[in-house]
Amino acid sequence: MGDSARDHTADGPTLKTGLRPRHLIMMSLGSAIGAGLFVGSGQGIALAGPAALVSYAVIGLIIVSVMRMLGELAAADPNPGAFSYYVGKALGPGAGFMMGWLWWIQMTVVAAAEALAAAEGLHGLVGWLPTWAWAFVFMTVFSVLNLSGAAHFGELEFWLALIKVVFIVVFLCLGAAYLFGWLSEPSPGLSNVGELMPHGVGGVAAALLVIAFAFGGIEIIAVAAAETDDPGPSVTKAIRTIVWRILIFYVGSVLVILLVLPAGDDRLESGPFVGVLEQAGLPAVASAIGAVIVIALLSSMNVNLYGASRMLFSLGARHMAPRAAMRTSDNGVPWLSVLASVVVGFLVVPATYVWGGQVLDKLLSLVGSTLLVTWLAITVSQIVLRRRAERDGTVLPMKMWGYPYLSWLTFAGLAGIVILGLTTESVRGQIISTSVLAVLLCVAGTLNHRRLQL
């Protein structure tokens with residue numbers, strides 16, 4: 001594949017293509033498969049018991065629908081601003097401004113959190129450097145990698161994500177072998193399947209929220225699609241492939257954990273994958289989990305920095321950020337947007353070292369429900385833009401199933417999760433703070449648009 005340029009803006013600098021469909025698939029996997037799977041899956045089971053499978057099925061169906069809707073939008077009109085761009089087209093520039101900046105803030109904060117978590121993990125494995133020093137190393141290395149060009153970034157992310165995928169496949173195979181009695185340790189059969197909902201409906205509700213947040217990042221595929229040579233077919237192929245893979249990995253892993261570890265096992269919340277492999281008599285494989293989790297976090301951080309920089313580039317192109325955000329290097333990388341996106345990480349690391357985890361905790365709480373805003377925005381945008389496309393007779397290369405009924409059903413499901421969150425004390429603050437920030441950004445975007453019209 002060459003690095004042919006495609007103009008993603010009305011005027012000004014362009015991004016260069018360099019990503020392939022396999023890169024898109026692995027980038028989306030890389031962003032979605034991280035601590036949410038390796039730790040969050042066990043937390044979901046601890047909260048909901050066997051009913052966690054129902055929770056995963058519900059969230060999984062919602063994710064499938066959201067990704068299909070996003071695929072319809074991205075295949076018809078690929079743009080590095082992705083859902084921010086589509087929200088702007090559907091609901092106005094104020095909403096587009098809000099969605100772009102809210103998602104950018106979330107990506108930069110989450111990348112900083114992942115750098116610190118990976119640093120803690122590697123420090124625990126090998127020592128050598130203090131945690132803060134490892135975090136600085138990671139931020140520096142991945143900043144340089146993101147400046148190297150889309151093709152190099154995509155290839156690196158492909159291999160980082162592939163390591164995680166291979167490990168999960170091995171985990172599923174070993175878990176199945178243990179459960180079928182093919183290993184030296186005796187199989188527990190179905191003896192660990194206890195009460196369906198040990199903590200009642202409230203436990204299932206709380207698990208729904210944990211599981212929903214674990215899927216965050218899968219939408220990155222639409223941001224990256226703009227840097228492929230043939231974005232319409234590329235994103236169509238990638239989205240058709242990515243969703244069922246993630247569902248198999250998540251649901252399969254949860255089923256294995258649920259059958260292997262008894263209810264109340266402390267390892268469900270602290271390290272479910274390690275617990276399963278230890279229970280199966282495979283301590284050597286279990287010891288590799290630490291390294292895999294570090295790789296998972298770095299892979300996710302790498303993708304999130306990429307996504308943040310492309311979103312900022314798009315905001316600059318739409319006059320929603322300083323035009324300097326559009327400055328690109330000779331290899332088509334928006335280098336100022338990359339540097340701006342890593343600043344948060346470089347500030348959070350020393351702040352955490354001085355003031356402890358409260359700085360990062362407050363930042364994460366502020367943007368903790370951004371993915372719900374993103375999924376709702378995608379759903380509403382698809383409903384609005386699909387109606388316009390049908391009115392204008394526009395041919396769409398990829399279509400949402402069962403429109404408009406399934407689109408509205410997905411919206412109702414997401415709205416239900418938000419309402420559920422408002423009744424759950426542990427996440428109520430996140431939803432409220434993210435909503436307030438979203439409203440403030442929407443007002444700022446509306447004022448910015450009016451200023452531009454003068």
Side-chain angles (χ1 to χ4, degrees), residues 6-15 70 73-74 76-111 146 219-227 231 304-329 332-344 363 366-367 369-382 384-385 388 434-454:
R6 184 188 301 109
D7 193 355
H8 295 296
T9 65
D11 59 344
T14 62
L15 300 176
L70 183 57
L73 296 169
D77 190 6
N79 186 283
F83 32 87
S84 167
Y85 172 71
Y86 308 132
V87 170
K89 287 178 63 177
L91 304 177
F97 180 100
M98 175 276 295
M99 192 67 263
W101 278 109
L102 184 64
W103 195 77
W104 180 83
I105 294 169
Q106 182 203 33
M107 289 295 100
T108 58
V109 172
V110 169
N146 269 271
E219 67 279 352
I220 194 79
I221 195 170
V223 176
E227 288 183 81
N304 291 338
L305 289 177
Y306 168 88
S309 66
R310 270 43 178 191
M311 183 62 74
L312 190 55
F313 173 89
S314 174
L315 289 169
R318 289 177 283 147
H319 304 280
M320 296 177 179
R323 295 286 282 179
M326 292 181 63
R327 291 182 184 172
T328 55
S329 59
V333 174
W335 62 275
L336 270 179
S337 289
V338 172
L339 295 179
S341 300
V342 301
V343 162
V344 174
L363 288 173
L366 183 65
V367 295
S369 298
T370 296
L371 69 92
L372 292 177
V373 177
T374 303
W375 295 345
L376 279 167
I378 291 169
T379 303
V380 173
S381 298
Q382 186 269 337
V384 172
L385 295 178
R388 290 181 192 170
T434 303
S435 299
V436 170
L437 179 59
V439 170
L440 292 175
L441 287 171
C442 195
V443 171
T446 302
L447 293 176
N448 175 70
H449 179 68
R450 289 178 180 175
R451 177 185 62 83
L452 293 172
Q453 299 305 306
L454 296 177

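All of these numbers come straight from a predicted model, not from anything done at the bench.
For the atom pair CG of Leu371 and CD of Gln106, the computed distance is 6.5 Å after rounding to the nearest 0.5 Å. For the atom pair CG (Leu70) and OG1 (Thr379), the distance works out to 9.5 Å, reported to the nearest 0.5 Å. Distance OG1/Thr446 to CE/Met98: 10.0 Å, rounded to 0.5 Å. For the atom pair CG (Asn146) and OG (Ser337), the distance works out to 11.5 Å, reported to the nearest 0.5 Å. Interatomic distance, CE of Met320 versus NE2 of His449, reported as 8.5 Å (0.5 Å rounding). Separation of atoms CG (Leu315) and CZ (Phe97) is listed at 7.5 Å; rounding is to 0.5 Å.
Between the side chain of Asn448 and the backbone N or O of Ala321 there is no donor-acceptor pair closer than 3.5 Å.
Counted within 6.0 Å of CZ on Arg388, heavy atoms from surrounding residues, nucleotides or ligands total more than 12; the atom is thus considered enclosed.
Nearest heavy atom pair, residue Ala325 against residue Gly316, reads CB-CA, 4.4 Å. The shortest non-hydrogen separation linking Thr434 to Thr370 is CG2-N, 3.7 Å. Scanning both residues, Ile378 and Leu73, for their nearest heavy atoms gives O-CD1, 4.1 Å.
Using a 4.5 Å cut-off on side-chain heavy atoms (C-beta onward), Val338 and Arg310 make contact. A 4.5 Å side-chain heavy-atom check between Leu312 and Trp101 finds at least one atom pair inside the cut-off.
In this structure, the side chain to side chain contact (heavy atoms under 4.5 Å, CB included) partners of Ala111, at least two apart in sequence or on a different chain, are Met301, Asn304, Leu305. Considering only residues two or more places apart in sequence or on other chains, Ser341 meets the side chain to side chain donor-acceptor pair (under 3.5 Å) condition with Trp104. With sequence neighbours excluded, the residues that form a side chain to side chain donor-acceptor pair (under 3.5 Å) with Trp103 are Glu219.
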Extract all donor-acceptor atom pairs below 3.5 Å that involve side chains of residues 81-91 and protein atoms in other chains or at least two apart in sequence.
from	atom 1	to	atom 2	distance (Å)
Ser84	OG	Gly96	O	2.8
Ser84	OG	Gly100	N	3.3
Ser84	OG	Arg318	NH1	3.2
Ser84	OG	Arg318	NH2	2.9
Tyr85	OH	Asp77	OD2	2.8
Tyr86	OH	Asp77	O	2.8
Lys89	NZ	Asp77	OD2	3.0

Acceptor/donor pairs from residues 436-444 side chains to any protein atom, 3.5 angstrom cut, sequence neighbours excluded:
none

